[in-house]
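Below, chains carry the letters A, B, ... as their sequence lines are ordered, and counting in each starts from 1.
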Protein chains: 2
Amino acid sequence: MAAEETIRVLVIEDHHVVRQGLVALLNVVDGIEVIGEAADGVDAITQFRKHQPHVTLIDLRMPRLSGVEVIQRIRMETPQARFIVLTTYDGDEDIYRALQAGARAYLLKGMTTEDLVSTIRAVHAGKSHIPPAIAQRLAERMGTEELTPREFDVLEQIVHGRSNKEIASFLDISEATVKTHINSLLGKLGVTDRTQAATAAIQRGIVPLESLRKPKQ
Amino acid sequence: MAAEETIRVLVIEDHHVVRQGLVALLNVVDGIEVIGEAADGVDAITQFRKHQPHVTLIDLRMPRLSGVEVIQRIRMETPQARFIVLTTYDGDEDIYRALQAGARAYLLKGMTTEDLVSTIRAVHAGKSHIPPAIAQRLAERMGTEELTPREFDVLEQIVHGRSNKEIASFLDISEATVKTHINSLLGKLGVTDRTQAATAAIQRGIVPLESLRKPKQ
DNA sequence: GAAGTTCTCAATCGATTGATGGATACAGGG
DNA sequence: CCCTGTATCCATCAATCGATTGAGAACTTC
């Protein structure tokens, strides 16, 4: 199956070095051709429309439009589009959303060339390619309940180190109510106190690490 | 200054894609040549001895031997060696250690090609190149005291969500002692409770995020 | 051996936290 | 309309936490 068809790949990745690395790796592979690149979400959609790639490699963390949003929008107009999600950190909550949005596979940036190439071929052939470890974690997460918006607000404040009193004042509710929300979210996260809730929230990417240094808008 | 001297660069980076990207970017630049690559700390030292590069690009998070250790060991035998630290996340506590160990510059992986090239040239010319934002943060950190080993043990347990009683039992000391250590480390971290201590520890890279999923050996 | 660190422990006390039970509102489905 | 589920809110109370003070033992460093 030498010259069956060249797989046309679009690479969406904001880190210049990583994007260049992907292109350099892929362009020496037989049967794969990088036909476009994008460094942010908006450009990604433009490039997709222009080139209509077979397979799109996409980073999740990007300026302007997140990877998940890009996948959702593109699949609105091109449902058969095939995406492989790239991510640095595998605790990422967004992976789960991306796969729900229709991504077919998932790769860590520490992957080997063989991983990359075989995954691209598999996805182009219509297969999905989720590592067992991720599949299991996804299954676990399916069973767990989603946090309500209010619970999310409270969790965000907990991660930022606010006390119940401060959270109550910030959200303009009573301290007792804050405690109720905390109690609920502790149960949903499967933890027993606020410190565990904070680390779990960071680890799972529910509250992004980047938000910590900022003085909360 | 066209053909003054070709700068010989060694690239130490465990992520295959990133390494490939750096090499691809640098090899098209006039006056810079990548003369070696390494994917882990031990190999890094071997490659350094073999090629004696002018400038070494080095990632901090690596298997076998950390970037900081590599810098320290190489500078033991080659004090004039020049390092540029690469890192993904700029909250990294290790940056500070790397610069103390003798790194001359620091680059985020989201940098542009111009950043990369000009930094390599600057460092090769003997200059240092620390972004103002990092310099300021370093200055701040200089004033703060280091945690003692025991305080670090306790902080690690806090991040893992253990209660004082559990920490006491785990470290085989009394709960009172645990409280003493917590009191000290709260002061040194500049925070007021354990939840803030946990998020600060993660944010600054004092306790690595990867250690969270594991059931604590 | 004097000085400095670190680690250890204790006791007290006010503040914070988390568990529990319960109230209200509001949405479909039957 | 009633029932069920869900999200929001509040109060009480015991357990935990953090601040504070003081002090002895082990280990460096000079």
Side-chain angles (χ1 to χ4, degrees), chain A residues 93 100 141-204 206-207 212 216, chain B residues 93 97 100 141-204 206-207 216:
Chain A
E93 178 84 353
Q100 271 196 331
R141 194 144 312 170
M142 283 309 202
T144 64
E145 300 152 282
E146 288 278 328
L147 296 187
T148 69
R150 211 51 168 165
E151 285 161 2
F152 179 81
D153 291 340
V154 173
L155 177 58
E156 197 172 24
Q157 295 299 309
I158 289 177
V159 174
H160 282 79
R162 312 265 200 278
S163 72
N164 288 350
K165 193 175 293 184
E166 289 171 323
I167 297 174
S169 147
F170 185 84
L171 297 179
D172 203 32
I173 55 182
S174 87
E175 205 178 325
T177 306
V178 174
K179 291 185 182 184
T180 305
H181 292 310
I182 291 178
N183 211 274
S184 308
L185 69 86
L186 289 182
K188 290 182 182 178
L189 292 178
V191 297
T192 59
D193 62 54
R194 60 173 47 221
T195 306
Q196 290 178 15
T199 55
I202 295 173
Q203 183 213 331
R204 301 187 194 174
I206 300 174
V207 175
L212 286 182
K216 180 57 197 170
Chain B
E93 178 83 354
R97 285 189 233 286
Q100 270 197 331
R141 195 144 309 172
M142 283 309 204
T144 65
E145 301 152 282
E146 287 279 325
L147 296 187
T148 70
R150 210 52 168 165
E151 285 161 3
F152 178 82
D153 291 341
V154 173
L155 178 57
E156 197 173 23
Q157 294 300 307
I158 288 177
V159 174
H160 283 80
R162 312 264 200 279
S163 72
N164 289 351
K165 195 175 293 184
E166 290 170 324
I167 298 174
S169 146
F170 185 85
L171 296 179
D172 203 32
I173 56 181
S174 86
E175 208 177 324
T177 306
V178 174
K179 289 189 180 188
T180 305
H181 291 311
I182 290 178
N183 210 275
S184 308
L185 68 87
L186 289 182
K188 290 181 181 177
L189 293 178
V191 298
T192 59
D193 62 53
R194 58 173 51 223
T195 306
Q196 289 178 16
T199 54
I202 295 174
Q203 182 212 332
R204 302 188 193 174
I206 300 173
V207 176
K216 181 57 196 169

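Atom CD in Q196(A) sits roughly 14 Å away from atom P in dT16(D) (whole-Å rounding). Between D193(B) atom CG and dT16(D) atom P the separation is 18 Å, expressed in whole Å. When rounded to the nearest whole Å, the span between CG of L189(B) and C1' of dG18(D) equals 15 Å. dC17(D) atom C1' lies 11 Å from atom CZ of R194(A), rounded to whole Å. Nucleotide dC7(C) holds its C1' atom 12 Å from the CG atom of L171(B), rounded to whole Å. Following rounding to the nearest Å, E166(A) (CD) and dA15(C) (C1') show an atom-to-atom distance of 13 Å. Distance CD1 (I182(B)) to P (dC9(C)): 14 Å, rounded to an integer number of Å.
Here the straight-line distance linking atom OG1 of T195(B) with atom CD of Q196(A) works out to 10.5 Å at 0.5 Å rounding. Separation of atoms CG (D193(A)) and OG1 (T199(A)) is listed at 8.5 Å; rounding is to 0.5 Å. In this structure, the separation between CD on Q157(A) and CZ on R194(A) is 10.5 Å, given to the nearest 0.5 Å. Interatomic distance, CD1 of I182(B) versus OG1 of T177(B), reported as 11.0 Å (0.5 Å rounding). We find the CD-CG distance between E151(A) and L186(A) to be 10.0 Å, quoted to the nearest 0.5 Å. Taken to the nearest 0.5 Å, the CD1 atom of I206(A) stands 8.0 Å off from the CZ atom of F152(A).
Across all their heavy atoms, L155(B) and A197(B) have their closest contact at CD1-O, 3.8 Å. Counting all heavy atoms, side chain and backbone alike, A168(A) lies closest to S174(A) at CB-C, 3.8 Å. The nearest pair of heavy atoms linking E156(A) to V207(A) is CA-CG2, 4.1 Å.
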Heavy-atom protein contacts under 4.0 Å, nucleotides 25-30 of chain D, coded B base, S sugar-phosphate only, - none: ------

Base-contact (B) and sugar-phosphate-only (S) positions in nucleotides 6-15 of chain D, heavy-atom cut-off under 4.0 Å, - elsewhere: -SSBBB----

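A donor-acceptor contact shorter than 3.5 Å is absent between the side chain of R162(A) and the backbone of F170(A).
Using a 4.0 Å cut-off, some side-chain N or O of N164(B) falls inside it from OP1 or OP2 of dC17(D). At least one side-chain nitrogen or oxygen of N183(B) sits closer than 4.0 Å to the OP1 or OP2 atom of dA19(D).
End-to-end axis angle for the helix from dG1(C)-dC30(D) to dG21(C)-dC10(D), using five pairs per end and rounding to 10°, comes out at 40°.
Under the side chain to side chain contact (heavy atoms under 4.5 Å, CB included) test applied with V178(A), the options I173(A), N183(A), I158(A), D153(A) reduce to a single match, I173(A).
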